[in-house]
**Student:** 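Got a structure for you, written out below as structure tokens; questions coming shortly.
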Amino acid sequence: MSTAILAGPPVAMSPIEGDLRNLGFEVVTAEDAASLATYLQAVPATERVAVVDPGFVGHVHALRLGLTDPRFDASALPGAVSVRPAARAALVRAVAETGEEGEGETFADRLAGRMEKDGVPVHRPELGVLVATVPADATGRAGAAAAVAAVDDEAVRLRGAVKSRDGFFTTFFISPYSRHIARWCARRGLTPNQVTTASLLVALIAAGCAATGTRPGFVAAGALLLASFVLDCTDGQLARYSLQYSTLGAWLDATFDRAKEYAYYAGLALGAARGGDDVWALALGAMVLQTCRHVVDFAFAETDHDARAGAAVLSRKLDRVGWTVWLRRMIVLPIGERWALIAVLTAATTPRITLTVLIVASGLAACYTTAGRVLRSVRRRTPSGGAAARALADLADTGPIAEGLARLFRGRGVPAAALLGAAVMIATSLLAPAGSWWPVAAAGCYAVTSALAVSRPLKGALDWIVPPVFRAAEYTTILVLAAVSDVNGALPAAFGLVAAVAYHHYDTVYRIRGGTGAPPRRLVRATGGHEGRALLVTAAAAALAHNTGFTVALTVLAVALAVVVLTESIGFWVSSKAPAVHDETGGPE
């Protein structure tokens with residue numbers, strides 16, 4: 001329950017009280033500051049409280065946006081201010097310090113202004129054509145009421161459920177009807193988390209259909225994958241439509257997207273195996289490439305704002321040329337285009353063709369986006385700030401071995417060493433015969449170069465490349481060692497191991513984006529860090545070559561890592577007080 005306090009004498013024929021009750025508020029009236037303060041003290045500390053001018057005239061959806069959004073501790077619109085428990089004390093102080101009389105502003109507006117002067121961020125939603133005002137007289141009220149009647153706020157609400165910037169396929173082939181599904185769900189009391197879970201279940205069924213290895217199974221798999229994507233769009237649109245944002249929901253949405261896609265790759269590999277074709281290397285390669293692309297996205301986004309500002313300027317210039325807008329959004333192969341490609345190819349071709357085309361298309365997209373970011377970064381004149389350097393250090397996932405070695409270099413770091421070490425380890429693993437100990441030596445070299453790379457803060461223009469290099473080195477080495485071992489089951493086991501490690505890395509990203517910081521160092525040390533896992537896997541490949549012991553070792557390592565990281569991660573997110581993180585930009589996923 002939430003409480004809305006009408007601050008002032010009632011206004012005849014005003015619908016505000018009914019509108020607030022429709023939004024779930026219990027409504028009381030306080031005719032002066034003293035009674036308002038009394039009501040504030042009476043409202044339970046765990047509840048949201050709003051102060052609204054009785055003369056407010058506006059759309060119900062404007063009130064919804066300004067008073068009920070759970071992502072903000074304090075929010076306001078003309079004639080109304082709302083606070084969550086975290087900002088309650090600031091509102092109480094504002095009531096005590098703000099006079100009841102003021103020229104040109106309502107009491108609620110002055111309260112919001114006082115809170116901002118005290119350093120409390122107050123969110124003010126973009127209302128667009130929605131009306132929110134407090135007229136000064138009867139004539140003004142009549143005009144405002146006419147303006148309200150002229151705009152269908154339900155239509156505005158439905159349009160607002162869709163991301164302002166999304167991919168071509170999602171914008172033109174999914175959102176025109178998925179938003180109506182979102183409204184249908186909202187009216188039946190369904191939550192975004194329930195829709196997210198349904199999307200995961202449909203995708204897992206699609207993976208199961210692909211695993212049958214039959215043409216009807218592949219056709220069904222493609223259709224179900226698209227249905228899963230419709231639900232994937234619907235959950236975010238439902239969250240925006242009904243303002244049901246939550247920390248757990250943001251984590252589920254982000255995590256399930258990866259689980260769905262990678263489970264589908266595994267389904268394709270299993271289906272191909274039923275037909276006598278081994279495409280596990282391609283499935284693992286697709287997962288490695290897609291995960292590394294995401295790490296590039298996340299690492300670059302953590303660099304200082306000037307690089308992003310330059311990108312924004314260039315983007316605005318290109319947007320003036322209409323045809324480039326959708327072309328650029330399609331080139332990066334966002335989740336909508338990617339899943340549509342996978343679905344169509346699954347239904348019409350074979351798993352080998354599907355995964356091969358996916359890898360080629362994703363590789364071209366990766367080259368395009370990474371090259372552009374490198375060019376923008378080298379033009380950056382100022383170093384990254386401390387927050388960006390800390391985020392990149394967390395994304396690096398440095399384990400105890402490299403952490404200890406880094407202390408020996410005493411800040412004389414060379415981030416470019418990461419590229420050298422990665423290249424040596426991957427090339428050695430690829431060229432050395434199965435059972436050779438040379439990859440172990442290369443992994444030892446990689447641990448040293450990794451320590452050298454992170455022994456000083458990652459503040460350089462191109463230092464954001466370091467975490468993606470570490471991801472590519474670890475994942476690709478596991479892929480190569482499993483492939484060259486020629487051991488039965490090694491590649492599927494390697495797929496499971498990379499999936500477990502990738503989950504840990506995605507979890508790190510979402511925690512940083514949520515403002516809660518990276519996972520605790522004890523977890524990173526327990527999982528060995530990227531360099532520790534590389535040493536362990538190369539040693540297992542050398543010691544257990546040519547027998548199923550290597551497959552067993554990879555499987556045991558995958559299960560152990562999955563148990564450790566999932567236990568800690570689920571416990572964190574279920575109990576976390578982090579703010580919800582919802583991507584409203586429509587960037588690539």
Side-chain angles (χ1 to χ4, degrees), residues 166-175 178 196 198-234 253-275 277-294 297 329-366 368-369 492 495 498-499 502 506 587-589:
D166 221 329
F168 178 85
F169 180 77
T170 304
T171 298
F172 293 103
F173 292 91
I174 304 296
S175 292
S178 62
T196 300
S199 175
L200 173 66
L201 293 176
V202 172
L204 293 180
I205 295 172
C209 291
T212 63
T214 64
R215 179 54 51 196
F218 288 145
V219 173
L224 287 171
L225 186 65
L226 288 178
S228 174
F229 182 63
V230 171
L231 292 174
D232 182 55
C233 294
T234 299
D253 184 49
T255 303
F256 283 6
D257 277 352
R258 306 287 78 79
K260 289 180 286 189
E261 188 167 0
Y262 297 162
Y264 193 84
Y265 295 168
L268 287 173
L270 289 170
R274 288 180 176 274
D277 192 11
D278 185 355
V279 298
W280 275 106
L282 291 175
L284 180 50
M287 181 166 66
V288 169
L289 179 56
Q290 192 56 45
T291 304
C292 290
R293 282 191 64 199
H294 285 142
D297 294 339
R329 294 184 191 179
M330 294 172 66
I331 286 176
V332 300
L333 201 66
I335 187 170
E337 277 73 1
R338 192 167 67 250
W339 283 28
L341 176 69
I342 296 170
V344 171
L345 290 175
T346 299
T349 64
T350 65
R352 178 173 291 277
I353 292 175
T354 300
L355 291 168
T356 300
V357 173
L358 175 64
I359 289 173
V360 171
S362 296
L364 292 174
Y368 169 78
T369 55
F495 187 97
V498 172
Y506 278 116
E589 295 177 15

**Student:** Sub-3.5 Å donor-acceptor pair from the side chain of R338 to the main-chain atoms of L333, do we have one?
**Tutor:** yes
**Student:** Please tell me if the side chains of V498 and L284 come closer than 4.5 Å, counting only heavy atoms from C-beta onward.
**Tutor:**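 A side-chain contact exists here, since the closest heavy-atom pair is under 4.5 Å.
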**Student:** How far apart are the closest heavy atoms of L226 and A340, and which atoms are they?
**Tutor:**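 Of all heavy-atom pairs spanning L226 and A340, the closest is CD2-CA, 4.0 Å.
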**Student:** To the nearest 0.5 Å, what is the distance between SG on C209 and CG on L225?
**Tutor:**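 Output value for this atom pair is 11.0 Å.
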**Student:** Which heavy atom of L358 sits nearest to which heavy atom of A286, and what is that distance?
**Tutor:**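 The answer is CD2-CB, 4.1 Å.
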**Student:** List the atom of G336, the atom of T170, and the distance in Å for their closest heavy-atom pair.
**Tutor:** CA-OG1, 3.9 Å
**Student:** Output yes when a side-chain donor or acceptor of S362 lies under 3.5 Å from a complementary backbone atom of I359, and no otherwise.
**Tutor:** no
**Student:** Just say parallel, tilted or perpendicular for the rings of Y262 and Y265, cut-offs at 30° and 60°.
**Tutor:**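 The arrangement is tilted - the two ring planes meet at 30° to 60°.
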**Student:** Rounded to the nearest 0.5 Å, what separates atom OG1 in T356 from atom CG in L282?
**Tutor:** 4.5 Å
**Student:** Inspect the surroundings of CZ in R274 and state if more than 12 heavy atoms from other residues, nucleotides or ligands are less than 6.0 Å away.
**Tutor:**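 No, CZ of R274 has 12 or fewer neighbouring heavy atoms, counting only those of other groups under 6.0 Å.
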**Student:** Please tell me if the side chains of L268 and V279 come closer than 4.5 Å, counting only heavy atoms from C-beta onward.
**Tutor:** no
**Student:** At what distance, to the nearest 0.5 angstrom, does CG of D232 lie from OG of S178?
**Tutor:**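 Taking CG in D232 and OG in S178, the distance rounds to 10.0 Å.
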**Student:** Got S199 and K260 here, is their nearest side-chain heavy-atom distance under 4.5 Å?
**Tutor:**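 The answer is yes, as the side chains (C-beta and beyond) meet within the 4.5 Å cut-off.
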**Student:** Looking at every non-hydrogen atom in both residues, tell me the closest pair between T291 and Y506 and how far apart they are.
**Tutor:**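 What the structure gives for the nearest pair is CA-OH, 3.4 Å.
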**Student:** Do Y264 and T346 get their side chains close enough for a donor-acceptor pair, meaning under 3.5 Å?
**Tutor:**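 There is such a pair (donor and acceptor under 3.5 Å, judged by atom type) between the side chains of Y264 and T346.
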**Student:** Nearest 0.5 Å please: distance from the CD atom of E337 over to the CD1 atom of I331.
**Tutor:** 11.0 Å
**Student:** Which value, rounded to the nearest 0.5 Å, describes the distance between T212 atom OG1 and L270 atom CG?
**Tutor:** 10.5 Å
**Student:** List the atom of V202, the atom of L224, and the distance in Å for their closest heavy-atom pair.
**Tutor:** CG1-O, 3.3 Å
**Student:** Measuring from L355:CG to W280:CH2, what's the distance to the nearest 0.5 Å?
**Tutor:**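 Interatomic distance, L355 CG to W280 CH2, rounded to 0.5 Å: 10.5 Å.
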**Student:** Taking R293 for its side chain and V288 for its backbone only, find out whether a donor-acceptor pair lies under 3.5 Å.
**Tutor:**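 No, the answer is negative, given that no donor and acceptor are paired below the 3.5 Å cut-off.
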**Student:** I need the minimum non-hydrogen distance between A283 and A269, along with the two atoms involved.
**Tutor:** CB-CB, 4.1 Å
**Student:** Suppose the criterion is ring pair (Phe, Tyr, Trp, His ring centres under 6.0 Å): which pairs have a residue in residues 207-230, not counting sequence neighbours?
**Tutor:** F229-W339
**Student:** Ignoring hydrogens and geometry, is there a side-chain-to-backbone donor-acceptor pair from R352 to D278 under 3.5 Å?
**Tutor:**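 Judged by distance alone, yes, a pair lies under 3.5 Å.
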**Student:** Answer yes or no: is there a donor N or O on one side and an acceptor on the other, between the side chain of T234 and the main chain of V230, under 3.5 Å?
**Tutor:** yes
